[in-house]
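Order of the sequence lines sets the chain letters (A, B, ...), proteins ahead of strands, with each chain counted from 1. Atoms considered below: every heavy atom in the structure, side chains included; atoms not considered: hydrogens, waters and symmetry mates.
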Amino acid sequence: MLDARFVRENIDIVKKSLENRNYILPLDECLTIEGKRRSLLRESEGLRNRRNVVTDEIAILKSKQQDASGLIEEMKGVSHRIKELDDKIKILEGNINDFLLNIPNIPHESVPVGKDEAENVEVRGWGAPRLFDFEPLNHWDIGEMLEIIDFERASKIAGARFSLTKGLGAKLERSLMNFMLDLNTSKGYKEVFPPIIVNRESMTGTGQLPKFEMELFRIADPEFYLIPTAEVPVTNIHRDEILSEKDLPIYYTAYTPCFRREAGSYGKDVRGLIRQHQFNKVELVKFVKPEDSYNELESLTKDAEDILQKLELPYRVVALCTGDLGFAASKTYDLEVWLPAQQKHREISSCSNFTDFQARRANIRFKREGKKGTEFVHTLNGSGLAIGRTLVAVLENYQQKDGSVIVPEVLRPYMGVEVIK
RNA sequence: GGAGAGGUGGCCGAGCUGGUCUAAGGCAGCCGCCUGCUAAGCGGUUGUGGGGGUAAAACCUCACCCAGGGUUCGAAUCCCUGCCUCUCCGCCA
């Protein structure tokens, strides 16, 4: 969410941002409502001031056994008027808030301007795609041949876009999870294991609600939501808190299952593990001081890249353009891993700086030493990494002609074997 | 699921027969004084958000005693609803 005062004082910046993101919102109308709200608020507060004064006078008169009926009559009218004004103000505030909640974050000046993902910019690459002396198979064929992934039974149990790993496949999933958590915690990220169903406030705090309800699994009664990413519970750890400057930066890493409706993606990636309703992911989350957040984005991205490098999987880093940038993000790097069967790079991590956008919604502030007042922290997060897609990348990149799969060096202590066959 | 207790300022804790509560008192923190010494004493000070004001401050003002409604001229205090915490019983991974 943007600050109402920021919007009214920087209307041109906000308009430019919306234009670059291909958004159309009636900003001027919102500003008119905001002006109206402030004038009503002033009237209401003036009357309250009057009432506070007169109420004390009434108390004094009564204690002296004197008549106060005139003042009481007057105050009846004043209180009535205050209530009228407050009702109007509340409606206007609701309108303004709904409006602000639907304004996306402002892209950083370094973000390339572009219409859609075709205009994203490759920043760097790492590793060379392996040369195969045979036709590489899709991961779902490898998985079924080795009997480590079972799509049919998963759809019997739950439905389409669910999967079941077993044997060394299940162990590979668990090994990836442990490897990533161990690596991340060795760099100072604190491991947390949060709730994976959350309330509406948490979803609103990180920006999933109210705009993206259709993408979430919801539990109706009582109302809860399944998290689409650990970003939600982990960022909300500090909702409505005032941190002290010396607490910052705070780094967390968390493994959680993630749940997504994938509404609107019918026909996309229908086979395999790429797009599932339920998948596992290890996430990196940071709370930092405003002046540090863009440097922290670079180091967070490097930390995610390091996982791919240690797994020796080729990838590239892409800076998202304004048209492809997520709602809450001011800047995002996607990591895309090379998948030989598809002959394509596919997203395996998305690292974003949300500046104060989530912090304002979730009310996460900090206090500087020796300074009055509070400021919003900046929040960042990135996958480190999506486990299902990493499993795909390992199977496809490490497959052998005989159908077996070599276990990456760094996973062998976790797997206990060198080859899956 | 049944029975009971409770949610007050950074923390502890009074107030809860409605009106100097602009919330006592204590602790902690900060500033100063005194005292020659890691102690004690004395005085002062301390939150958050909004509106106005200013070059920026100062300053003025409104709101905040879990949240949301209600009663009243006036609510921390009375009434209703919800959320959360704790204790006991039952059930359960």
Side-chain angles (χ1 to χ4, degrees), chain A residues 1-10 30-101 193-205 209 219-225 233 236-248 257 356-377:
Chain A
M1 175 161 62
L2 301 180
D3 179 34
R5 195 183 297 163
F6 176 86
V7 173
R8 89 182 172 234
E9 287 169 6
N10 299 277
C30 178
L31 287 185
T32 308
I33 296 172
E34 163 65 5
K36 178 88 179 155
R37 180 190 75 90
R38 273 182 298 154
S39 92
L40 293 180
L41 186 63
R42 241 171 303 165
E43 185 181 350
S44 168
E45 288 188 349
L47 290 174
R48 276 174 199 276
N49 182 236
R50 168 82 181 139
R51 186 175 70 183
N52 286 342
V53 171
V54 173
T55 285
D56 286 346
E57 288 171 12
I58 292 172
I60 291 165
L61 287 175
K62 288 235 173 186
S63 69
K64 292 179 183 165
Q65 309 283 328
Q66 291 176 354
D67 177 56
S69 56
L71 291 176
I72 289 175
E73 273 311 305
E74 187 201 336
M75 285 308 100
K76 276 189 187 177
V78 168
S79 284
H80 183 72
R81 178 65 184 152
I82 290 173
K83 187 165 288 184
E84 277 180 359
L85 288 168
D86 285 353
D87 287 346
K88 284 184 190 166
I89 290 167
K90 195 173 286 183
I91 291 169
L92 296 181
E93 271 175 354
N95 292 342
I96 293 162
N97 210 39
D98 288 349
F99 194 88
L100 290 174
L101 283 173
F193 201 178
I196 60 173
I197 69 176
V198 301
N199 57 32
R200 193 174 178 87
E201 289 71 36
S202 292
M203 282 294 182
T204 306
L209 289 177
I219 297 169
D221 184 27
E223 189 187 19
F224 282 113
Y225 294 85
N236 277 282
I237 287 173
H238 295 297
R239 173 152 53 88
D240 293 322
E241 290 185 13
I242 300 174
L243 305 164
S244 62
E245 183 176 14
K246 63 178 175 352
D247 293 336
L248 299 175
D356 59 0
F357 189 85
Q358 292 180 327
R360 183 170 291 107
R361 288 177 162 238
N363 195 27
I364 307 167
R365 293 167 293 170
F366 79 105
K367 209 174 163 55
R368 287 190 199 270
E369 301 288 339
K371 269 197 134 185
K372 269 180 85 172
T374 59
E375 293 174 53
F376 290 108
V377 301

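- A:Thr374 comes within contact range of the sugar-phosphate backbone alone, with a heavy-atom separation under 4.0 Å but no base atom that close.
- Separating the NZ atom of A:Lys83 from the P atom of B:A63 is a distance of 15 Å, rounded to the nearest angstrom.
- Remark: the separation of the P atoms in B:C86 and B:A75 is 33 Å, to the nearest Å.
- Using a 4.0 Å cutoff on non-hydrogen atoms, the parts of residues 46-59 of chain A near RNA chain B are A:Arg48, A:Asn49, A:Arg51, A:Asn52, A:Thr55, A:Ile58, A:Ala59, ordered by number.
- An OP1 or OP2 oxygen of B:C73 is reached within less than 4.0 angstrom by a side-chain nitrogen or oxygen of A:Lys76.
- Map A:Ile242 and A:Arg42 each onto its nearest nucleotide of RNA chain B; the residue landing nearer the 5' end is A:Ile242.
- As rounded to whole Å, 10 Å separates atom C1' of B:A63 from atom CG of A:Asp86.
- Using a 3.5 Å distance cut-off with no hydrogens or angles, the side chains of A:Thr55 and A:Asn52 do not pair a donor with an acceptor.
- Atom NZ in A:Lys367 sits roughly 17 Å away from atom P in B:G29 (whole-Å rounding).
- Comparing the C1' positions of B:G9 and B:C27 gives an interatomic distance of 13 Å, to the nearest angstrom.
- One cannot find a donor-acceptor pair under 3.5 Å joining the base of B:G52 and the side-chain atoms of A:Glu45.
- Base pairing analysis places B:C64 opposite B:G47; the two distances defining the Watson-Crick or G-U wobble pair are each below 3.5 Å.
- For A:Ser79, the side chain to side chain donor-acceptor pair (under 3.5 Å) criterion is met by A:Arg51, not counting sequence neighbours.
- Distance from the side chain of A:Arg38 is smallest to B:G51 among B:G47, B:G74, B:G51.
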